[in-house]
Amino acid sequence: MAGEDAVVLAVRELRKSYGEVRAVDGVSFSVHRRTVFTLLGPNGAGKTTTLEILEGLREPDSGEIELFGQRVNRVTPEMKNRMGVLLQEGGFEPYLRVREVLALFSAFFARPRPVEEVLAEVALQDKARALVKNLSGGQRQRLALGVALINDPELLFLDEPTTGLDPQARRNVWDVVERLKGEGKTIVLTTHYMEEAEALSDDVCIMDHGRVIAHGSPRALTAGLGQDTFVEFEAPGLDLETLASVGAQVHRDGEVVVLRTGDFVRTMEGLLSWSRERGVPLRNVVVRQPNLEDVFLTLTGRRLRA
Ligand code: ATP
């Protein structure tokens, strides 16, 4: 019997190019059973391509894949039976009802889960008779999750499961993901929302330009930035040079100025004097501890959602 911490999925030196574009450029990671593993990165980082290779939808140019304890060059149909997939662009027939969509997909598998059970799992019992076209974005995404669950998969791939959803709908999807993890599923997801990665993940691989640039638990990744405090405020058109005296690393992201400091008191005192002396108002000031966005910013000089 495989142990709790068994590796369900591992890739080594995975590569895939589209012409000149190195979409996946030597990616390696392992995913442990009963964990949520997240590929976090901006648009175009190579997350979807990596997932599509693991879902058996694309062939890698090179690299090793180990799935369910078996080393393969490409994903086999037996392996696909043990996974569930939520694609980025899951469009369902608009004039089918929710229950009909689940029944349709359950017909593809030898041992599907009962449709009613899946409806409950994704909290769509009340919508069982609703037409797909009348669902909200969040409900549609939960239906897509239900379809991904219909074969009772051990391993779930969720490609940007909450992109475009409002905060409440996003929370509802998070609740489902957490419940699934509680039931013993292994979940691999991609996102460019750092809050999502922080809220859900046991392990995060931060990707940029086809490479893994950092890897670890959210806590370990942010701990790498030490005890520094981040102070953000808005100051359109500000000359950053004038902030040299506040004793912080200064970075601008559009209209937002981000100060990173190891001496919070000095920086705040300096910032307040600076604001008073120059008559520059400080708007939307946020003081916070490091998050995954800061890890990305520190490594790349850019914000995740640039
Ligand atoms: P997103 O968050 O936008 O989905 P991503 O991190 O998932 O981004 P990919 O979709 O894997 O990134 O894309 C990685 C790179 O490969 C991008 O530069 C993209 O333009 C390119 N790419 C992806 N699919 C194709 C394709 N079918 N043909 C050519 N180039 C592609």
Side-chain angles (χ1 to χ4, degrees), residues 9-31 36-65 67 73-75 80 83-91 137-138 140-141 144-145 147-148 155-167 169-170 173-174 177 187-201 203-216 218 221 253 291-293 295-306:
L9 161 66
V11 295
R12 277 173 222 95
E13 287 298 312
L14 202 63
R15 286 177 205 278
K16 174 79 184 177
S17 293
Y18 303 107
E20 295 287 289
V21 179
R22 291 187 192 172
V24 178
D25 195 12
V27 163
S28 305
F29 57 76
S30 304
V31 179
V36 176
F37 177 92
T38 300
L39 295 174
L40 172 71
N43 290 133
K47 308 180 298 292
T48 298
T49 303
T50 304
L51 231 59
E52 285 177 349
I53 293 170
L54 297 172
E55 293 158 357
L57 300 174
R58 284 191 191 281
E59 268 198 72
D61 297 336
S62 62
E64 281 178 15
I65 302 172
L67 248 176
N73 293 322
R74 62 167 308 159
V75 175
K80 284 192 192 181
M83 25 170 114
V85 173
L86 183 144
L87 296 173
Q88 224 178 83
E89 289 135 38
R140 210 167 289 194
Q141 205 57 341
L145 252 174
V147 167
L155 175 61
L156 262 171
F157 292 105
L158 311 178
D159 197 359
E160 299 199 1
T162 66
T163 293
L165 299 187
D166 63 50
R170 178 168 301 153
V173 171
W174 290 4
V177 171
I187 297 158
V188 178
L189 67 90
T190 74
T191 186
H192 51 259
Y193 297 122
M194 67 95 190
E195 305 89 339
E196 183 156 300
E198 272 177 2
L200 296 177
S201 320
D203 251 317
V204 177
C205 261
I206 303 182
M207 285 187 75
D208 192 34
H209 296 307
R211 292 173 171 273
V212 175
I213 58 171
H215 180 200
L221 285 167
D253 174 37
N291 59 33
L292 290 176
E293 180 87 51
V295 177
F296 188 79
L297 184 67
T298 303
L299 292 169
T300 66
R302 307 192 320 278
R303 306 265 290 187
L304 267 168
R305 271 173 281 170

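Atoms within each ligand, like the ligands themselves, are counted from 1 in listed order.
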Next on the checklist: For a quick test of reading the model, state the closest non-hydrogen atom pair linking Asp203 to His215 and the distance between them.
Outcome noted: OD1-NE2, 3.7 Å
Next on the checklist: For atom 9 (P) of ligand 1, what is the closest protein heavy atom, and at what distance to 0.1 Å?
Outcome noted: Thr49 OG1, 3.6 Å
Item to check | Nearest non-hydrogen protein atom, atom 23 (C) of ligand 1 | outcome: Tyr18 CE1, 3.3 Å
Item to check | Check: Val21 N/O within less than 3.5 Å of ligand 1 N/O | outcome: no
Next on the checklist: With the threshold set strictly below 4.0 angstrom, can you tell me whether any protein non-hydrogen atom sits that near atom 20 (O) of ligand 1?
Outcome noted: no
Next on the checklist: Students should be able to answer this: which protein heavy-atom is nearest to atom 10 (O) of ligand 1, and at what distance?
Outcome noted: Thr48 CB, 3.6 Å
Checklist entry - With the threshold set at 4.0 Å, does a side-chain nitrogen-carboxylate oxygen contact exist between Arg15 and Asp61? => result no
Item to check | Heavy-atom side-chain proximity of Leu87 to Asp159 below 4.5 angstrom | outcome: no
Checklist entry - Looking at atom 12 (O) of ligand 1, what's its closest protein heavy atom, distance included? => result Gly46 N, 3.1 Å
Checklist entry - Considering only heavy atoms from C-beta outward, does the side chain of Leu86 approach that of Gln141 to under 4.5 Å? => result yes
Checklist entry - Side-chain contact, heavy-atom cut-off 4.5 Å: Pro42 with Asp208? => result yes
Checklist entry - Nearest heavy-atom pair of Leu165 and Gly138: which atoms, and what distance? => result CD2-N, 3.6 Å
Checklist entry - Is any side-chain heavy atom of Phe296 closer than 4.5 Å to a side-chain heavy atom of Leu40? => result no
Next on the checklist: If you scan the protein for heavy atoms around atom 26 (C) of ligand 1, do you find one that is closer than 4.0 Å?
Outcome noted: yes
Checklist entry - Taking the non-hydrogen atoms of Arg58, is any one of them nearer than 4.0 angstrom to ligand 1? => result yes
Next on the checklist: Please list the nearest protein heavy atom to atom 14 (C) of ligand 1 with its residue and the distance rounded to 0.1 Å.
Outcome noted: Gly44 O, 3.4 Å
Item to check | Within-shell test, Pro42 vs ligand 1, heavy atom, strictly < 4.0 Å | outcome: yes
Item to check | Residue pair Val75 / Met83, side-chain heavy-atom distance below 4.5 Å | outcome: yes
Checklist entry - For Asn43, is at least one N or O under 3.5 Å away from an N or O on ligand 1? => result yes
Checklist entry - For ligand 1, is Gly41 a contact, meaning one of its heavy atoms is under 4.0 Å away? => result no
Item to check | Check: His192 and Thr163 side chains under 4.5 Å, non-hydrogen atoms | outcome: yes
Next on the checklist: Yes or no: does Glu52 have any heavy atom under 4.0 Å from an atom of ligand 1?
Outcome noted: no
Checklist entry - Which protein non-hydrogen atom lies closest to atom 2 (O) of ligand 1, naming both residue and atom, and how far is it? => result Glu160 OE2, 2.7 Å
Item to check | Per-atom contacts of ligand 1 with Ala23, taking only distances under 4.0 Å to non-hydrogen atoms | outcome: 14 (C), 15 (C), 16 (O)
Next on the checklist: Does ligand 1 come near enough to His192 that some N or O of the ligand is less than 3.5 Å from an N or O of the residue?
Outcome noted: no
Next on the checklist: Is it the case that ligand 1 has an N or O less than 3.5 angstrom from some N or O of Ala45?
Outcome noted: yes
Item to check | Shortest non-hydrogen contact from Glu55 toward Lys80 | outcome: O-CE, 3.6 Å
Item to check | Over all atoms of both residues, closest heavy-atom pair of Arg74 and Glu59 | outcome: NH1-OE2, 2.9 Å
